[in-house]
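To keep things clear, I will list the structure first and then write my remarks on it.
Indexing begins at 1, ligand by ligand and atom by atom, following the structure's order. What you see is a predicted model; the values in this text were computed from it and never measured.
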Amino acid sequence: MENLITELVFIPAPGVGHIMSTIQIAKLLVTRDHHLSITVLLINPPPTFGSCSAVTTYIQSLAKTKMDRISFIDLPQDKTPPVSNVPMAALTNCINNHCKYVRKIVANKMSQPGSARVAGFVVDMFCTGMIDVANEFNIPTYVFFTSNAGFLRFKLYIQTLYDYENQDIVVLSNSDSTIHVPSFVKPVPTKVFPSVFQTLEGLDFVLGSARRLRKAKAIIVNTFFELETHAIKSFSEDFTIPMVYPVGPILNLEGCSLKASGNDEIITWLDSQPLSSVVFLCFGSTGSFDEVQVKEIANGLERSGHRFLWSLRRPPKDKRTRAPSDYEDLGTVLPEGFLERTAKIGKVTGWVPQVDVLAHGAVGGFVSHCGWNSLLESLWFGVPSAAWPIDAEQQINAFEMVVELGLALEIKLDHKDFCNQKANKVVVTAEEIENGVRRLMKDNKVRTEVKEMREKSIAAVAEGGSSYASVGRLILDFKRNLL
Ligand SMILES: O=c1ccn([C@@H]2O[C@H](COP(=O)(O)OP(=O)(O)O[C@H]3O[C@H](CO)[C@@H](O)[C@H](O)[C@H]3O)[C@@H](O)[C@H]2O)c(=O)[nH]1
């Protein structure tokens, strides 16, 4: 078993929050075991899916990259138009249209004389349609879940409620109540359910995806035992859930491939700021706000009097596509005179080198949309965050960090999905932002807890740590498939 080359096929989803951690776990696996070899199949969706330029550049750079025992294959771009109004369903559909290319590549790989046998597919949580392709070749599939264990268990639990307990999930999601979810100790308010659960079309997509997750041989989760102890333990209550491997935090600490011009200027600006004095605002790869909200943020920041670094991005013209862009002239969207008045204490910019910013000593707090990678990165660098979720599963992430674990403060927990046309649009007021920023920059309890979790996150991936051990078990699992 030890000396066999174990070949894995990786299929990441083409989003920044997905592809970067998938590539990182691939790198980690080949570093941990010199008999592992990985082929990454890259899906490059057509521009109609609004993949942001950062991810396109990243995918293109990967396709040209040479790494020991990791090779990249760019799949042909499938231009079939989207068939769903639910953005995540449309993306999943687009991904599934690539099954035919994956089938061809795997068939070709397996027919080569002397080629290594494929021990497993490792597919993103949005690529579970590929499980059927893997099954055609009798290859087990592992799902790489780029979000957290709490949300994974939540998703599977909601599917159980629907499939076996006859619960009307759409009604539940639109209600104002709380429910018990096995992954959380505290009752979960239905108002933090992802808005995709609020419509039949959205629910249909989520349930399908949860049912497919159960078909995987195992689920690899970007989390660690010390952070989500209760959530991770809760999987054992349902024996129909595949084996779960917590392997995180898996982070792209180089972040270099996404660096844009202007990054040096940001770091130089931070160099000139006092220690822990700057509040950093960034809303992930797809976060953006309309003009009314932008003005509230600007006023809130100005009123707080704190130094700030604000990554501000322009919403896409077609909201279904999700990908924001950088403003050519920030003055057109900010309140009159804001840039001049705050020139000495603040910096407004577009895409930022987030990891480098969070690593910088001048940053004392992070206003975040609660994308899972951002939360893991802020814990890794010991920077406390204030939650302002806007999309996807971010409300659940925010609930977990603020209410369940006490590892973040709140700006607004139930700010509804910006992409969902039907959601009530909530404007977060300048006053809420001002107060949230003030609490964030002075709160000592959360700051202390976050610093402690930083140590635990570093220990989890170090030799002897919980995630280190879990990765070891995962590698054995891959190898056993070849026996
Ligand atoms: O200006 C920016 C914005 C983002 N990032 C990086 O991009 C990644 C963003 O990932 P994440 O924080 O997870 O946010 P999203 O891009 O919004 O990620 C999607 O995927 C995540 C993982 O599944 C989910 O938790 C989110 O809800 C979903 O929106 C992070 O590594 C950031 O460091 C930058 O470097 N610069």
Side-chain angles (χ1 to χ4, degrees), residues 12-25 50-55 57-58 87-88 91 124-127 143-152 154-155 192 194-196 209 220-223 248-260 262-263 266-267 280-288 309-314 322-327 347-360 363 366-381 383 385 387-401 415 417-419:
V16 175
H18 294 254
I19 193 164
M20 291 209 295
S21 53
T22 313
I23 301 303
Q24 287 310 118
I25 175 102
S51 84
C52 71
S53 59
V55 79
T57 316
Y58 183 64
M88 278 183 279
L91 178 67
D124 184 90
M125 60 209 246
F126 285 121
C127 303
V143 172
F144 182 51
F145 200 80
T146 52
S147 188
N148 52 76
F151 174 61
L152 169 61
F154 168 85
K155 190 168 165 172
V192 303
S195 55
V196 68
S209 138
I220 307 163
V221 189
N222 191 4
T223 189
I250 302 285
L251 306 171
N252 179 6
L253 295 176
E254 303 132 34
C256 53
S257 310
L258 292 178
K259 281 190 178 161
N263 285 352
I266 293 170
I267 302 300
F280 167 48
L281 297 88
C282 187
F283 300 89
S285 58
T286 58
S288 60
L309 172 63
W310 177 11
S311 166
L312 170 60
R313 311 196 65 220
R314 180 175 33 204
R322 301 179 83 218
S325 51
D326 287 350
Y327 284 99
K347 189 161 183 64
V348 188
T349 175
W351 180 270
V352 282
Q354 181 168 299
V355 160
D356 297 342
V357 170
L358 287 170
H360 201 288
V363 174
F366 179 28
V367 174
S368 169
H369 74 312
C370 297
W372 189 238
N373 296 288
S374 292
L375 291 174
L376 289 176
E377 287 162 8
S378 62
L379 289 176
W380 182 268
F381 292 109
V383 178
S385 43
W388 182 342
I390 47 177
D391 191 10
E393 90 302 14
Q394 294 149 18
Q395 273 97 4
I396 294 270
N397 302 349
F399 163 80
E400 181 171 14
M401 294 300 285
H415 181 72
D417 190 345
F418 141 86
C419 292

Any N or O of Gln354 closer than 3.5 Å to N or O of ligand 1: yes
Residue Val16 vicinity, atoms of ligand 1 by number, heavy atom under 4.0 Å: 7 (O), 8 (C)
Distance-only side-chain donor-acceptor flag, Asn148 / Asn397, under 3.5 Å: yes
Atoms of ligand 1 close to His18 [distance to a heavy atom under 4.0 angstrom, numbered from 1]: 20 (O), 23 (O)
Heavy-atom nearest neighbour of atom 17 (O) of ligand 1 within options Glu377, Glu393, His369: His369
CE on Met401 to OG on Ser378, rounded to 0.5 Å: 6.0 Å
Any side-chain heavy-atom pair of Ser21 and Phe144 under 4.5 Å: yes
Options Ala13, Gly17, Ser285, ranked by nearest heavy atom to atom 16 (O) of ligand 1, top entry: Ser285
Atoms in ligand 1 flagged as close to Ser374, the criterion being non-hydrogen separation under 4.0 Å: 11 (P), 12 (O)
Contact atoms of ligand 1, heavy-atom distance to Met20 under 4.0 Å: 31 (O)
Short N-O contact, Arg314 and Asp326, less than 4.0 angstrom: no
Atom indices of ligand 1, in the order listed, that fall short of 4.0 Å to a heavy atom of Ala392: 27 (O)
Phe280 and Phe366 aromatic ring geometry - parallel, tilted or perpendicular at 30°/60° bounds: parallel
Any N or O of Val352 closer than 3.5 Å to N or O of ligand 1: yes
Those atoms of ligand 1 less than 4.0 Å from some heavy atom in Cys282: 1 (O), 2 (C), 3 (C)
Heavy-atom side-chain proximity of Trp380 to Leu253 below 4.5 angstrom: yes
Side chain to side chain, Pro14 and Leu91, heavy atoms closer than 4.5 Å: yes
